[in-house]
Amino acid sequence: QVQLVESGGETVPPGGSLRLSCVASGRIFGNYALAWFLQAPGKEREFVASINWSGSRTNYGDSVKGRFTISRDNAKNTVYLDMNSLKPEDTAVYSCNADLRTSWTQLPSRHWGQGTSVTVSS
């Protein structure tokens, strides 16, 4: 079974840093880009960052530019989100998603992780 699993969320003080991880497991065919999203309580889901397979192309949401960095280690099937200068408004559940192909005969399908909770509070 193909799945995405996030980890690394915790409570940190304002100005702190965190590294989130998203691990893709199961039998995955082909390359895939991956994106991080956040959803704060009572708000809509918001794009955070994305990265292509080679890591040569990244995109960031306006609210995190200059503070967050997305990277990946394909040998470990892992994508990271390094979060610096955290603000209380970064408090949210962070989820990763990717269009993953589970066989060569099927088109990629959208997969979401269960999310990891980040709280920025003193």
Side-chain angles (χ1 to χ4, degrees):
Q1 180 181 359
V2 172
Q3 59 179 347
L4 298 173
V5 179
E6 303 94 336
S7 63
E10 61 180 80
T11 298
V12 294
S17 299
L18 272 181
R19 166 173 268 201
L20 304 184
S21 300
C22 174
V23 179
S25 63
R27 197 168 185 192
I28 301 169
F29 292 76
N31 302 336
Y32 56 93
L34 190 138
W36 283 96
F37 285 78
L38 67 83
Q39 188 161 22
K43 296 187 177 180
E44 294 189 353
R45 186 179 288 162
E46 176 183 332
F47 170 74
V48 176
S50 65
I51 188 167
N52 66 346
W53 173 255
S54 68
S56 63
R57 189 166 63 248
T58 57
N59 289 295
Y60 295 92
D62 289 341
S63 66
V64 306
K65 281 181 182 176
R67 299 188 299 124
F68 292 9
T69 302
I70 190 170
S71 61
R72 67 189 301 161
D73 182 342
N74 290 333
K76 296 181 179 179
N77 291 326
T78 302
V79 174
Y80 303 101
L81 185 68
D82 288 302
M83 311 163 68
N84 297 308
S85 302
L86 283 161
K87 306 174 183 179
E89 51 263 44
D90 295 321
T91 295
V93 174
Y94 286 73
S95 303
C96 57
N97 83 12
D99 292 335
L100 303 176
R101 188 191 297 268
T102 57
S103 78
W104 289 121
T105 60
Q106 293 186 343
L107 293 173
S109 58
R110 179 64 50 89
H111 288 71
W112 284 91
Q114 84 290 346
T116 186
S117 182
V118 173
T119 300
V120 184
S121 173
S122 54

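No side-chain donor-acceptor contact under 3.5 Å links Thr116 to the backbone of Tyr94. Of the possible polar contacts, one joining the Glu6 side chain to the Gly115 backbone as a donor-acceptor pair under 3.5 Å is found.
Between Asn77 and Ile28 there is no side-chain heavy-atom pair separated by less than 4.5 Å. Put simply, the side chain of Val64 does not reach to within 4.5 Å of the side chain of Leu81, judged on heavy atoms. Between Val5 and Gln114 there is a side-chain heavy-atom pair separated by less than 4.5 Å. Looking only at side-chain heavy atoms (C-beta outward), Val12 and Glu10 come within less than 4.5 Å of each other. Between Leu4 and Leu100, some side-chain heavy-atom pair lies under the 4.5 Å cut-off.
Here the CD atom belonging to Gln39 is positioned 8.5 Å from the CD atom belonging to Glu44, to the nearest 0.5 angstrom. The distance from the OG1 atom of Thr102 to the CD atom of Gln1 is 10.5 Å, given to the nearest 0.5 Å. Distance check, rounded to the nearest 0.5 Å: OG1 of Thr119 to CG of Leu18 gives 9.5 Å. Phe68 CZ to Ser17 OG: the interatomic distance, rounded to the nearest 0.5 Å, is 9.5 Å. Here Asn74 contributes atom CG and Trp53 contributes atom CH2; the two are 4.0 Å apart, rounded to the nearest 0.5 Å. Distance check, rounded to the nearest 0.5 Å: CH2 of Trp36 to OG of Ser50 gives 13.0 Å.
Across Pro88 and Thr91, no two heavy atoms sit closer than the pair O-OG1, 2.9 Å. Residues Val23 and Lys76 come closest through the heavy atom pair CG1-O, 4.3 Å. Here the closest heavy-atom approach between residue His111 and residue Val2 is recorded as CD2-O, 3.7 Å. The minimum heavy-atom distance linking Glu46 with Ser63 is given by the pair OE2-OG, 2.9 Å. Nearest heavy-atom pair across Arg101 and Leu107 is NH1-CA, 4.2 Å.
Among Thr69, Ile51, Asn52, the single residue meeting the side chain to side chain contact (heavy atoms under 4.5 Å, CB included) criterion with Thr58 is Ile51. Applying the salt bridge (charged side-chain N to carboxylate O under 4.0 Å, His left out) test between Asp82 and each of Arg19, Arg67, Arg72 identifies Arg19 as the sole match.
Side chain to side chain, Ser54 and Ser56 meet the donor-acceptor criterion of an N or O pair below 3.5 Å.
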Checklist entry - Would Cys22 and Leu34 satisfy side chain to side chain contact (heavy atoms under 4.5 Å, CB included), going step by step from the backbone distance to the final call? => result CA-CA 9 Å; Cys22 174; Leu34 190 138; 3.8 Å; yes

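Within 6.0 Å of CD in Glu89 there are more than 12 heavy atoms belonging to other residues, nucleotides or ligands.
Hydrophobic clustering, with ILVMFWY side chains joined whenever heavy atoms are under 4.5 angstrom apart, keeps Trp112 apart from Tyr32. Cluster annotation: Leu86 is not connected to Phe37 through the hydrophobic network of ILVMFWY side chains, with a link wherever side-chain heavy atoms come within less than 4.5 Å. Connection of Phe47 to Val79 is not established within any shared hydrophobic cluster, with ILVMFWY side chains joined at heavy-atom distances below 4.5 Å, either directly or through further cluster members. Linking ILVMFWY side-chain heavy atoms closer than 4.5 Å, directly or via other members, places Tyr60 and Leu20 in a single hydrophobic cluster.
One finds a salt bridge joining Asp62 and Lys65 here, because a Lys/Arg side-chain nitrogen approaches an Asp/Glu carboxylate oxygen to under 4.0 Å.
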